[in-house]
Amino acid sequence: MNTRLTMAPSSRSSTTLCAAVCATFLKHVNTCNIVAAARPQVSEGVTRFHSLLALVVCATAFACVPAASAQTTNFVSAWGYNNYGQCTVPASATSGVSAVAAGLYHTIALKGGTVLAWGWNTYGQCTIPSSASSGVSAIAGGFTHTSALKDGVVLAWGRNNWGQCTVPTSAKSGVFAIACGSNHTLALKNGAVLAWGDNTFGACTIPASATSGVSAIAGGGNHTIALKDGVVLAWGRNTSGQCTIPASATSGVSAIAGGDNHTMALKDGAVLAWGDNSGGQCTIPASATSGVSAIAGGYLYSIALKNGGVLAWGSNSRGQCTIPASANSGVSAIACGSEHTIVLDEFTDCNNNGIVDSTDIANGTAIDCNLNGIPDSCEIASSNIAVVSWGTNYTGQCTTPVSASWGVSDIASGHVHTIALKNGAVLAWGSGATTTTGINDYGQSVVPASATSGVSAIAGGGFHTIALKDGAVLVWGAGTTNTGSANQNGQSIVPTAALSGVSAIAGGYLHTIALKDGAVLAWGDNLYGQCTVPASATSGVSAIAGGYGHTIALKGGAVLAWGLNDYGQCTIPDSATSGVSAIACGYYHTIALKGGAVLAWGDNRGGQCTIPASAISGVSAIAGGSYHTTAIKGGAVLAWGWNIYGQSTVPASATSGVSAIACGYYHSTALRSPVDTNNNARLDSCEIADNPSLDRNANGVLDSYDCAQNHALDCNNNLALDQYEMADNELLDCDHNGKIDSCDIASGVADDDTDGHVDKCEFAKGDLDLSGVVDSSDFGVLLLYFGEANPPFGDFDGSGSIDSGDLGYMALNFGEVTWP
């Protein structure tokens, strides 16, 4: 009998869950004699233990049993545009959250009556006032302001240029619900809509029909929506028909939502939408025509909640409609920012310790990202991802792909893309990728076959990528033609002289530079003379770099420069005429390294040429962005200059072990080189745990406990332990194949069959949770995948699936100590 036992949704009562599991399992136990007869190798165990097994499983098959000890808690997950960190969920929002909302570039959550907010904070929209630190019952977000409801009183903070945060007396008592438009705030009181703030399009001019009997409110960009007796009302800006109510929305509607210029309604489980459809946000997919329970709208996209899973359609320019696996089940609430999506997901805290740990992950499929029923590893973003980027991320240039998480030897940046070199192959992401946003897309992140092996150096131009292979320059992206328009200036057309003997490469905004036999070669845009190489740079040059419209070279310790000089970037100061060891360019400024001190000249509008005291000694590397400068000192990144996108705010992950840096227009990138502390030729928990602040439970390894306690460790925000590093136990990945398999699970088990290695014979003892003993938790893990065909683990009797025979065989070893 192969009926699969599946874990009930965590919202289901624990008592019902236990009853369901036990009832189903007992059916299997009643067939044990039949199964045993069919499988002689386990028949004795099944016959002897089937009664005991029924009691064990019904009592403790899941760590959530006994039922009274388990609690369900909610955590925030977000994805899409993360230019201000609005999708980087803080640790405080990883448990106990009851509601979510969003503004343009900020995210809001409600936890225990306290408002949490993160992301864009230029106007103080994420600076929570003391009045909102307790007793809050509802939250809402506008363009640059935040609103909360406390004891019937509306609170509002952030930008107040339209009076959206000036709460009228009428909204200081008796308010039932709140909502926000872009620059206006709404309240519902005694069935009447209240509104204040921007009224340019009449969004705050309440029609008589909305002064009584209203049951729900919502805000659009510059329009207001209300629900009255199942009928949608809307007023304000109507340029796209967002306030023109279709006949289908004049009865039976149960919920409403507003996008920037579109309106949504929910009727009999089906989504209705009207108004601007330029992103496809009002084109309802078939999946959203039934069973939907909640809706939300953003800029050019829409989302819905159906059976605990998120649906999304419309513009996906920032990945806002790309639903992560963790949001396919267990979601209880949804919200939209302009171009980011927020959900409230849930997990069962099986051991009721207030954190997500191995026990919870092993028992909750919603947060077990690879669905193998066991805690594998933890994504250690701060120690284990080789490439770390920060700043604006609107084309994904700061989202490091898995392929760049290990083995990277060099990095470079373009205008809005990032480049890495790994084992002779070029990796690139951001603008111009196969999953491009369409912004500045010239194919610069689509690596040609010729650059997938044998490459020795990389560089980034504005919208082109450069590689060096066997002395030949390879270039792709913008500039495949020389029309002089649309960034096509021939920068990707490699001259014959650069097809052999080249020793170094660099990129300017629209030009390419190479070094051959000590002479500088340059091609592409020459509007400012940046490709007209002076005689002084035709021999003896040791390094090159390029800016927006200028080129620099290092010769005998002296800096040479030519091209655009509007900010003095080519006017070499006396200090840079000797003793210089390295050079770099920003867009309109020039940087040099001399005796461990940074020198900089040219454009200083962002303060990029104002050298901080920390950078006047001990510096080993330099790089320049548009209006910011970076350096490496003692393995830590230093950054100064313009910081509007966070490009000069160095993350903790880049404060040690950094060996290389690069800068794009508004982003910075670092290459980390962790130390192999225990000299085993791989990174494991030994090295990661060298930073004691990360190891919260002080067990010498970074495990799921640490992951849950420090959100920065969980880089994909799925609260799961996955393939980045086998951090729960440094011995787990014994065959170094990047995943947990039978070999790894058994790595600490005695060699019972004395065959010289640990194999399935030893693994068959059944210690699936690696606790050191076969116990009730192992039964819980096995039951989670009962009926699984060709499982990677747990098929002890070799039947091809996890079945009653495997449970019986595990029972044979119940209580067995498996770790030596």
Side-chain angles (χ1 to χ4, degrees), residues 76 78-90 93 99-109 115-128 139-148 156-165 178-186 195-198 200-201 203-204 218-225 236-237 240 242 257-264 275-276 278-279 281 296-303 312 314-321 334-343 391-395 437 439 644-646 666:
V76 178
W79 61 92
Y81 202 16
N82 195 33
N83 57 329
Y84 287 99
Q86 60 265 41
C87 294
T88 303
V89 182
V100 289
L104 178 70
Y105 298 134
H106 71 292
T107 302
I108 315 156
V115 179
L116 309 175
W118 58 96
W120 192 24
N121 196 34
T122 299
Y123 300 100
Q125 60 266 48
C126 293
T127 302
I128 312 301
I139 50 176
F143 197 77
T144 50
H145 75 292
T146 303
S147 181
W157 60 94
R159 195 175 192 185
N160 197 32
N161 57 326
W162 292 97
Q164 60 266 48
C165 293
I178 56 173
C180 290
S182 286
N183 294 303
H184 68 291
T185 305
L186 306 167
W196 59 95
D198 182 10
T200 304
F201 296 94
C204 295
N222 291 285
H223 69 293
T224 300
I225 314 147
R237 190 175 189 178
S240 299
Q242 60 265 50
D260 187 50
N261 288 305
H262 73 291
T263 303
M264 301 172 67
D276 179 24
S278 56
Q281 64 267 41
Y299 174 69
L300 302 182
Y301 81 109
S302 303
I303 65 172
S315 173
N316 195 33
S317 60
R318 313 293 188 181
Q320 64 267 43
C321 290
I334 54 176
C336 289
S338 175
E339 296 174 291
H340 73 291
T341 302
I342 311 100
V343 303
T392 186
N393 193 34
Y394 71 97
T395 66
T437 62
I439 302 172
I644 190 172
Y645 294 102
Y666 291 137

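The first residue of the sequence shown is numbered 1, and numbering continues consecutively from there.
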Minimum heavy-atom distance between [X] and [Y], given as atom pair plus value:
X	Y	result
A257	A296	CB-CA, 3.9 Å
G337	I342	N-CD1, 4.0 Å
A335	V100	CB-O, 4.0 Å
I128	A117	CD1-CB, 3.7 Å
A179	A140	CA-CB, 3.9 Å
G197	C204	N-SG, 3.8 Å

Test T88 against N82 for side chain to side chain donor-acceptor pair (under 3.5 Å), laying out the working first. CA-CA 7 Å; T88 303; N82 195 33; 3.1 Å; yes
Between the side chain of S302 and the main-chain N/O of Q281, is any donor-acceptor distance below 3.5 Å?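 Between the backbone of Q281 and the side chain of S302 there is a qualifying donor-acceptor contact (under 3.5 Å).
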Are the side chain of E339 and the backbone of G80 linked by a donor-acceptor contact shorter than 3.5 Å?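 It does not hold such a pair.
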Value rounded to 0.5 Å, distance of [atom1] in [X] from [atom2] in [Y]:
X	Y	atom1	atom2	result
Y299	S278	OH	OG	6.5 Å
M264	Q242	CE	CD	14.5 Å
H145	S182	NE2	OG	9.0 Å
R318	N83	CZ	CG	7.5 Å
Y81	N393	OH	CG	8.5 Å
T392	I644	OG1	CD1	10.0 Å

Do [X] and [Y] make a side-chain contact, defined as non-hydrogen atoms from C-beta onward lying under 4.5 Å apart?
X	Y	result
V76	W118	yes
W79	V343	yes
D276	D260	no
V115	W157	yes
T341	Y301	yes

Angle class for the W120/Y105 ring planes (parallel below 30°, perpendicular above 60°, tilted otherwise)?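 W120 vs Y105 ring planes: tilted.
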Side-chain donor-acceptor pair under 3.5 Å between N121 and T127, yes or no? yes
Residues two or more places apart in sequence or in another chain: which of them pass side-chain contact (heavy atoms from CB on, under 4.5 Å) with A101?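 Partners of A101 by the side-chain contact (heavy atoms from CB on, under 4.5 Å) criterion, ordered by chain and then number, come out as I108, I139.
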